[in-house]
Amino acid sequence: MKIAVFAAMWVNKAFTDFNFPETSQGIFEDAPSGFINPRLLVKAQLEIFLKNKGVVVNDITDEITYENECIKIDTKAGKTFRARKVLIAADAFTNSLKLLDKKLFFRLKSESTIWVRVSKEEAIRLKTLPSLLYEINTPDIQNIYLIQPVQYPDGEYYLKMGANMPDDIYFEILEEIKKWFRTADSSFNLSKLGQALTQIMPAIKTKECIAKKCIVTYTEHGKPYIGNVNSKGLYVAAGGNGYGAMSSDALGCIAAEVVTKNVFPKEYDDKDFAPVFMI
(Lines give C-alpha, C1' and ligand atoms only; values in the text may rest on other atoms or scores of the structure.)
Protein backbone atom coordinates (compact mmCIF):
# COMPACT_ATOMS: atom_id res chain seq x y z
CA MET A 1 0.00 0.00 0.00
CA LYS A 2 1.35 3.42 -1.00
CA ILE A 3 0.33 6.76 0.50
CA ALA A 4 1.28 10.03 -1.20
CA VAL A 5 0.60 13.71 -0.49
CA PHE A 6 -0.26 16.00 -3.40
CA ALA A 7 -1.01 19.65 -4.02
CA ALA A 8 -4.36 20.36 -5.67
CA MET A 9 -2.91 20.72 -9.17
CA TRP A 10 -1.45 17.23 -8.95
CA VAL A 11 -4.66 15.75 -7.55
CA ASN A 12 -6.66 17.32 -10.36
CA LYS A 13 -4.10 16.11 -12.90
CA ALA A 14 -4.01 12.57 -11.54
CA PHE A 15 -7.80 12.30 -11.27
CA THR A 16 -9.21 14.43 -14.04
CA ASP A 17 -12.83 13.89 -12.99
CA PHE A 18 -12.16 15.81 -9.78
CA ASN A 19 -11.85 19.57 -9.53
CA PHE A 20 -10.48 21.04 -6.29
CA PRO A 21 -9.49 24.62 -5.33
CA GLU A 22 -5.85 25.56 -5.94
CA THR A 23 -5.25 25.86 -2.19
CA SER A 24 -6.22 22.23 -1.57
CA GLN A 25 -3.93 19.39 -0.59
CA GLY A 26 -4.63 15.72 -1.13
CA ILE A 27 -3.58 12.42 0.39
CA PHE A 28 -3.91 9.42 -1.92
CA GLU A 29 -3.91 5.86 -0.60
CA ASP A 30 -3.26 3.20 -3.23
CA ALA A 31 -4.72 -0.32 -3.40
CA PRO A 32 -6.00 -2.25 -1.55
CA SER A 33 -7.88 0.84 -0.41
CA GLY A 34 -11.16 1.49 -2.16
CA PHE A 35 -14.80 1.02 -1.22
CA ILE A 36 -17.00 -1.71 0.18
CA ASN A 37 -20.38 -2.98 -0.89
CA PRO A 38 -22.27 -3.22 2.42
CA ARG A 39 -24.67 -5.87 1.15
CA LEU A 40 -21.85 -8.12 -0.01
CA LEU A 41 -19.90 -7.38 3.18
CA VAL A 42 -22.76 -8.51 5.42
CA LYS A 43 -23.31 -11.58 3.22
CA ALA A 44 -19.65 -12.55 3.52
CA GLN A 45 -19.60 -11.96 7.27
CA LEU A 46 -22.68 -14.13 7.79
CA GLU A 47 -21.22 -16.91 5.62
CA ILE A 48 -18.06 -16.96 7.74
CA PHE A 49 -20.19 -16.93 10.89
CA LEU A 50 -22.20 -19.93 9.69
CA LYS A 51 -19.06 -21.83 8.69
CA ASN A 52 -17.89 -21.41 12.28
CA LYS A 53 -21.09 -23.10 13.54
CA GLY A 54 -22.89 -19.86 14.31
CA VAL A 55 -26.70 -19.74 14.25
CA VAL A 56 -28.52 -16.78 12.71
CA VAL A 57 -31.85 -15.85 14.31
CA ASN A 58 -33.71 -13.28 12.25
CA ASP A 59 -35.93 -11.90 15.00
CA ILE A 60 -36.48 -8.78 17.06
CA THR A 61 -35.95 -8.02 20.72
CA ASP A 62 -36.00 -4.69 22.52
CA GLU A 63 -35.46 -5.81 26.10
CA ILE A 64 -33.22 -8.13 28.10
CA THR A 65 -33.58 -9.40 31.67
CA TYR A 66 -31.41 -11.37 34.09
CA GLU A 67 -32.34 -14.81 35.40
CA ASN A 68 -30.30 -17.32 37.39
CA GLU A 69 -26.92 -15.76 36.49
CA CYS A 70 -27.91 -15.76 32.81
CA ILE A 71 -29.01 -13.05 30.44
CA LYS A 72 -32.51 -13.78 29.15
CA ILE A 73 -33.65 -12.56 25.74
CA ASP A 74 -37.30 -12.78 24.72
CA THR A 75 -38.07 -12.12 21.06
CA LYS A 76 -41.12 -10.68 19.32
CA ALA A 77 -41.77 -14.10 17.76
CA GLY A 78 -42.08 -15.67 21.21
CA LYS A 79 -38.67 -17.35 21.41
CA THR A 80 -36.49 -17.23 24.52
CA PHE A 81 -32.68 -17.37 24.58
CA ARG A 82 -30.35 -17.52 27.57
CA ALA A 83 -26.62 -16.81 27.56
CA ARG A 84 -23.76 -16.12 29.94
CA LYS A 85 -22.51 -13.31 27.71
CA VAL A 86 -24.32 -11.02 25.30
CA LEU A 87 -22.88 -8.43 22.91
CA ILE A 88 -25.16 -5.54 21.97
CA ALA A 89 -24.39 -3.90 18.63
CA ALA A 90 -27.47 -1.72 18.12
CA ASP A 91 -25.51 1.50 17.47
CA ALA A 92 -27.89 4.49 17.22
CA PHE A 93 -30.65 2.50 18.92
CA THR A 94 -28.57 1.24 21.85
CA ASN A 95 -29.96 3.74 24.36
CA SER A 96 -33.50 3.70 22.98
CA LEU A 97 -34.20 0.05 23.82
CA LYS A 98 -34.39 -1.60 27.22
CA LEU A 99 -30.98 -3.19 26.90
CA LEU A 100 -28.66 -1.28 29.25
CA ASP A 101 -28.85 -0.45 32.93
CA LYS A 102 -27.62 3.06 32.19
CA LYS A 103 -27.34 5.09 29.00
CA LEU A 104 -24.16 5.54 27.02
CA PHE A 105 -23.00 9.02 25.99
CA PHE A 106 -23.94 9.40 22.34
CA ARG A 107 -24.63 12.26 19.96
CA LEU A 108 -27.03 11.07 17.28
CA LYS A 109 -27.11 13.18 14.11
CA SER A 110 -29.10 13.01 10.91
CA GLU A 111 -27.05 12.65 7.74
CA SER A 112 -28.14 13.86 4.30
CA THR A 113 -27.01 11.79 1.34
CA ILE A 114 -27.77 11.65 -2.36
CA TRP A 115 -27.74 8.75 -4.76
CA VAL A 116 -26.83 10.00 -8.21
CA ARG A 117 -28.10 7.70 -10.94
CA VAL A 118 -25.86 7.42 -13.98
CA SER A 119 -25.78 5.27 -17.09
CA LYS A 120 -23.85 2.02 -17.25
CA GLU A 121 -21.45 3.72 -19.67
CA GLU A 122 -20.81 6.55 -17.20
CA ALA A 123 -20.26 4.06 -14.39
CA ILE A 124 -17.70 2.21 -16.51
CA ARG A 125 -15.99 5.51 -17.35
CA LEU A 126 -15.69 6.29 -13.63
CA LYS A 127 -14.64 2.80 -12.49
CA THR A 128 -11.14 3.98 -11.48
CA LEU A 129 -12.47 6.96 -9.49
CA PRO A 130 -11.08 6.69 -5.93
CA SER A 131 -13.30 7.01 -2.90
CA LEU A 132 -13.23 10.56 -1.59
CA LEU A 133 -13.14 12.11 1.87
CA TYR A 134 -13.19 15.87 1.34
CA GLU A 135 -12.53 17.93 4.46
CA ILE A 136 -14.34 21.03 3.25
CA ASN A 137 -15.83 23.56 5.66
CA THR A 138 -18.17 26.17 4.19
CA PRO A 139 -21.37 27.76 5.55
CA ASP A 140 -23.45 25.36 3.44
CA ILE A 141 -21.62 22.04 3.64
CA GLN A 142 -18.86 20.23 5.52
CA ASN A 143 -16.93 16.98 5.29
CA ILE A 144 -18.03 15.39 2.03
CA TYR A 145 -17.64 11.71 1.25
CA LEU A 146 -18.19 10.24 -2.20
CA ILE A 147 -18.07 6.74 -3.70
CA GLN A 148 -17.84 5.84 -7.39
CA PRO A 149 -20.99 4.55 -9.13
CA VAL A 150 -21.80 0.92 -8.36
CA GLN A 151 -24.69 -1.29 -9.40
CA TYR A 152 -27.52 -1.67 -6.90
CA PRO A 153 -30.12 -4.46 -6.62
CA ASP A 154 -32.52 -2.54 -8.89
CA GLY A 155 -29.98 -2.91 -11.71
CA GLU A 156 -29.20 0.82 -11.83
CA TYR A 157 -25.85 2.50 -11.17
CA TYR A 158 -25.59 5.11 -8.43
CA LEU A 159 -22.82 7.35 -7.14
CA LYS A 160 -23.32 7.99 -3.43
CA MET A 161 -22.36 11.25 -1.75
CA GLY A 162 -23.00 12.54 1.76
CA ALA A 163 -21.95 15.41 3.99
CA ASN A 164 -22.56 17.27 7.20
CA MET A 165 -24.99 20.16 6.82
CA PRO A 166 -25.75 23.14 9.10
CA ASP A 167 -29.39 22.11 9.47
CA ASP A 168 -28.69 18.48 10.42
CA ILE A 169 -30.84 17.28 13.31
CA TYR A 170 -29.57 15.96 16.64
CA PHE A 171 -31.85 13.33 18.17
CA GLU A 172 -32.68 12.81 21.83
CA ILE A 173 -35.33 10.09 21.81
CA LEU A 174 -36.38 7.15 19.66
CA GLU A 175 -39.56 8.84 18.43
CA GLU A 176 -37.48 11.61 16.84
CA ILE A 177 -35.41 9.03 14.96
CA LYS A 178 -38.55 7.22 13.79
CA LYS A 179 -40.08 10.48 12.57
CA TRP A 180 -36.90 11.36 10.66
CA PHE A 181 -36.80 8.07 8.79
CA ARG A 182 -40.53 7.62 8.25
CA THR A 183 -41.96 11.05 7.47
CA ALA A 184 -39.29 13.76 7.33
CA ASP A 185 -38.62 15.50 4.02
CA SER A 186 -35.33 14.08 2.80
CA SER A 187 -35.01 16.47 -0.14
CA PHE A 188 -34.34 19.74 1.69
CA ASN A 189 -30.55 19.42 1.18
CA LEU A 190 -30.78 17.89 -2.29
CA SER A 191 -29.93 21.07 -4.20
CA LYS A 192 -26.94 21.93 -1.99
CA LEU A 193 -25.51 18.44 -2.30
CA GLY A 194 -26.13 18.45 -6.04
CA GLN A 195 -24.33 21.78 -6.42
CA ALA A 196 -21.39 20.48 -4.37
CA LEU A 197 -21.18 17.41 -6.59
CA THR A 198 -21.05 19.45 -9.80
CA GLN A 199 -18.31 21.63 -8.30
CA ILE A 200 -16.24 18.56 -7.42
CA MET A 201 -17.07 16.65 -10.62
CA PRO A 202 -18.15 19.20 -13.27
CA ALA A 203 -18.07 16.68 -16.13
CA ILE A 204 -20.25 13.99 -14.54
CA LYS A 205 -23.29 12.97 -16.60
CA THR A 206 -26.23 12.35 -14.27
CA LYS A 207 -29.69 10.98 -14.97
CA GLU A 208 -31.30 11.60 -11.59
CA CYS A 209 -30.46 12.69 -8.02
CA ILE A 210 -32.33 11.01 -5.18
CA ALA A 211 -32.23 12.19 -1.55
CA LYS A 212 -31.65 9.55 1.13
CA LYS A 213 -31.55 9.56 4.93
CA CYS A 214 -28.95 8.23 7.31
CA ILE A 215 -27.95 8.58 10.95
CA VAL A 216 -24.49 8.88 12.51
CA THR A 217 -23.59 7.87 16.07
CA TYR A 218 -20.83 9.92 17.70
CA THR A 219 -19.12 8.86 20.93
CA GLU A 220 -17.56 11.02 23.62
CA HIS A 221 -13.93 10.23 22.70
CA GLY A 222 -14.36 9.79 18.94
CA LYS A 223 -13.65 6.06 18.95
CA PRO A 224 -16.19 3.22 19.15
CA TYR A 225 -17.33 1.92 22.50
CA ILE A 226 -16.22 -1.68 22.92
CA GLY A 227 -16.25 -3.41 26.29
CA ASN A 228 -18.33 -4.77 29.13
CA VAL A 229 -20.99 -2.48 30.53
CA ASN A 230 -21.81 -4.34 33.74
CA SER A 231 -20.68 -7.31 35.81
CA LYS A 232 -23.47 -9.56 34.49
CA GLY A 233 -21.92 -10.53 31.16
CA LEU A 234 -23.27 -7.68 29.03
CA TYR A 235 -20.98 -6.13 26.41
CA VAL A 236 -21.41 -3.38 23.83
CA ALA A 237 -19.90 -2.49 20.47
CA ALA A 238 -21.38 0.76 19.20
CA GLY A 239 -20.56 4.24 17.94
CA GLY A 240 -19.10 4.25 14.44
CA ASN A 241 -18.50 8.03 14.32
CA GLY A 242 -19.17 7.88 10.59
CA TYR A 243 -16.64 5.10 9.93
CA GLY A 244 -18.54 2.07 11.21
CA ALA A 245 -19.20 0.30 7.91
CA MET A 246 -15.65 0.53 6.57
CA SER A 247 -14.22 -0.56 9.93
CA SER A 248 -16.77 -3.21 10.84
CA ASP A 249 -14.53 -6.24 10.27
CA ALA A 250 -11.76 -4.88 12.49
CA LEU A 251 -14.19 -3.67 15.15
CA GLY A 252 -15.93 -7.04 15.12
CA CYS A 253 -12.63 -8.84 15.65
CA ILE A 254 -11.82 -6.62 18.63
CA ALA A 255 -15.27 -7.14 20.14
CA ALA A 256 -15.03 -10.91 19.66
CA GLU A 257 -11.70 -11.01 21.52
CA VAL A 258 -13.15 -8.95 24.35
CA VAL A 259 -16.30 -11.04 24.72
CA THR A 260 -14.71 -14.50 24.40
CA LYS A 261 -11.37 -13.88 26.15
CA ASN A 262 -12.04 -10.77 28.28
CA VAL A 263 -8.94 -9.10 26.83
CA PHE A 264 -8.24 -6.68 24.00
CA PRO A 265 -5.91 -7.70 21.16
CA LYS A 266 -2.33 -6.79 22.05
CA GLU A 267 -2.31 -3.88 19.58
CA TYR A 268 -4.99 -2.06 21.58
CA ASP A 269 -5.72 -0.82 25.05
CA ASP A 270 -9.11 -1.09 26.71
CA LYS A 271 -8.94 2.64 27.46
CA ASP A 272 -9.02 3.35 23.71
CA PHE A 273 -12.58 2.03 23.46
CA ALA A 274 -13.89 2.48 27.01
CA PRO A 275 -17.68 3.00 27.08
CA VAL A 276 -18.62 6.41 28.46
CA PHE A 277 -21.90 6.68 30.32
CA MET A 278 -24.18 9.65 30.72
CA ILE A 279 -24.12 11.30 34.12
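- Ring centroid separation for the pair F106 and Y225 comes in under the 6.0 Å cut-off.
- When the shell of 6.0 Å around CD of E63 is examined, it contains more than 12 heavy atoms from other residues, nucleotides or ligands.
- With hydrogens and angles disregarded, a donor-acceptor distance shorter than 3.5 Å links the side chain of D168 to the backbone of M165.
- Taking every heavy atom of both residues into account, I141 and P166 meet most closely at N-CD, 4.4 Å.
- The aromatic rings of F264 and F273 lie parallel to each other, their planes meeting at an angle below 30°, with 60° marking the opposite boundary.
- The distance from the CD1 atom of I210 to the OG atom of S187 is 12.0 Å, given to the nearest 0.5 Å.
- Remark: D17 CG to L132 CG distance equals 12.0 Å, nearest 0.5 Å.
- No donor-acceptor pair closer than 3.5 Å links the side chain of S24 to the backbone N or O of F20.
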Steps toward side-chain contact (heavy atoms from CB on, under 4.5 Å) verdict (N262, K85): CA-CA 11 Å; N262 289 316; K85 295 181 178 181; 3.4 Å; yes

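- Ring planes of W180 and F171: tilted class, angle from 30 to 60°.
- In this structure, F18 is a member of the same hydrophobic cluster as Y134, with clusters built from ILVMFWY side-chain heavy atoms closer than 4.5 Å.
- In this structure the side chain of K192 never reaches within 4.5 angstrom of the side chain of S112, judged on heavy atoms.
- Counting heavy atoms from C-beta on, the side chains of L126 and V118 never come closer than 4.5 Å.
- Hydrophobic clustering keeps L251 apart from M246 (ILVMFWY residues linked when any side-chain heavy atoms are closer than 4.5 Å, directly or through intermediates).
- In terms of heavy-atom proximity, K213 sits nearest to A184 at NZ-O, 2.7 Å.
- The backbone N or O of M278 lies less than 3.5 Å from no partner atom in the side chain of K103, so there is not a single donor-acceptor pair.
- Heavy atoms only, all atoms of each residue included: T113 and Y145 are closest at CG2-OH, 3.2 Å.
- Put simply, F93 and V57 are part of the same group of oily side chains (I, L, V, M, F, W, Y) that touch within less than 4.5 Å, one to the next.
- With hydrogens and angles disregarded, a donor-acceptor distance shorter than 3.5 Å links the side chain of T94 to the backbone of D91.
- Around atom CD of Q151, more than 12 heavy atoms belonging to other residues, nucleotides or ligands sit under 6.0 Å away.
- In the hydrophobic clustering of this structure, I64 does not group with Y235; members are Ile, Leu, Val, Met, Phe, Trp, Tyr whose side-chain heavy atoms approach within less than 4.5 Å, directly or through other members.
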Tell me, with the steps shown, if F81 and K72 meet side-chain contact (heavy atoms from CB on, under 4.5 Å). CA-CA 6 Å; F81 299 90; K72 180 185 176 186; over 6 Å; no

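- Between K120 atom NZ and E156 atom CD the span is 11.5 Å, to the nearest 0.5 Å.
- Within a 6.0 Å sphere centred on CD of E267, other residues, nucleotides and ligands contribute more than 12 heavy atoms.
- By the 6.0 Å contact criterion, CZ on F15 is enclosed, its count of non-hydrogen atoms from other residues, nucleotides or ligands being greater than 12.
- Once rounded to the nearest 0.5 Å, the distance linking CG of N143 with CD of E135 reads 4.5 Å.
- Under the 4.5 Å side-chain heavy-atom criterion for grouping Ile, Leu, Val, Met, Phe, Trp and Tyr, V86 is not connected to I226 through any hydrophobic cluster.
- Salt bridge status for K205 with E122: absent, with no side-chain N to carboxylate O gap under 4.0 Å.
- Taking CG of L146 as the reference point, atom CG of L133 lies at 9.5 Å (rounded to 0.5 Å).
- Pairing each heavy atom of A92 with each of I215, the nearest pair is CB-CD1, 3.9 Å.
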For V229 and D101: C-alpha separation, side-chain torsions, deciding distance, then whether side-chain contact (heavy atoms from CB on, under 4.5 Å) applies. CA-CA 8 Å; V229 293; D101 301 324; over 6 Å; no

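- Here the side chain of H221 pairs no donor or acceptor atom with the backbone of K271 at under 3.5 angstrom.
- Between D272 and K223, none of the side-chain N atoms (NZ, or NE/NH1/NH2) sits under 4.0 Å from a carboxylate O, so this pair counts as no salt bridge.
- Residue E172 places its CD atom among 12 or fewer non-hydrogen atoms of other residues, nucleotides or ligands, all under 6.0 Å distant.
- The backbone N or O of L97 lies less than 3.5 Å from no partner atom in the side chain of D62, so there is not a single donor-acceptor pair.
- Minimum interatomic distance between K127 and Q148 (heavy atoms only, all atoms of both residues): O-NE2, 3.1 Å.
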Might you work through the side-chain contact (heavy atoms from CB on, under 4.5 Å) test for M161 and V116, ending with a clear yes or no? CA-CA 8 Å; M161 191 183 91; V116 182; 5.7 Å; no

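- A heavy-atom distance below 4.5 Å is found between the side chains of I71 and Y66.
- Side-chain atoms of N68 never come within 3.5 Å of backbone atoms of C70 as a donor-acceptor pair (strictly under, hydrogens ignored).
- For the pair Q195 and D140, the minimum side-chain heavy-atom distance is 4.5 Å or more.
- For the pair T219 and R107, the minimum side-chain heavy-atom distance is 4.5 Å or more.
- Atom CG in N58 sits 8.0 Å away from atom CD1 in I60 (nearest 0.5 Å).
- Two residues are said to be in side-chain contact when any heavy atoms from C-beta on lie closer than 4.5 Å; I169 and E176 fail this criterion.
- Between A255 and L87, the shortest heavy-atom distance links the atoms CB-CD2, 4.1 Å.
- Side chain of T16 to main chain of K13: no donor-acceptor pair is present (N/O by atom type, distance under 3.5 Å, no hydrogens or angles).
- Between the side chain of T75 and the backbone N or O of T61, no donor-acceptor pair lies under 3.5 Å.
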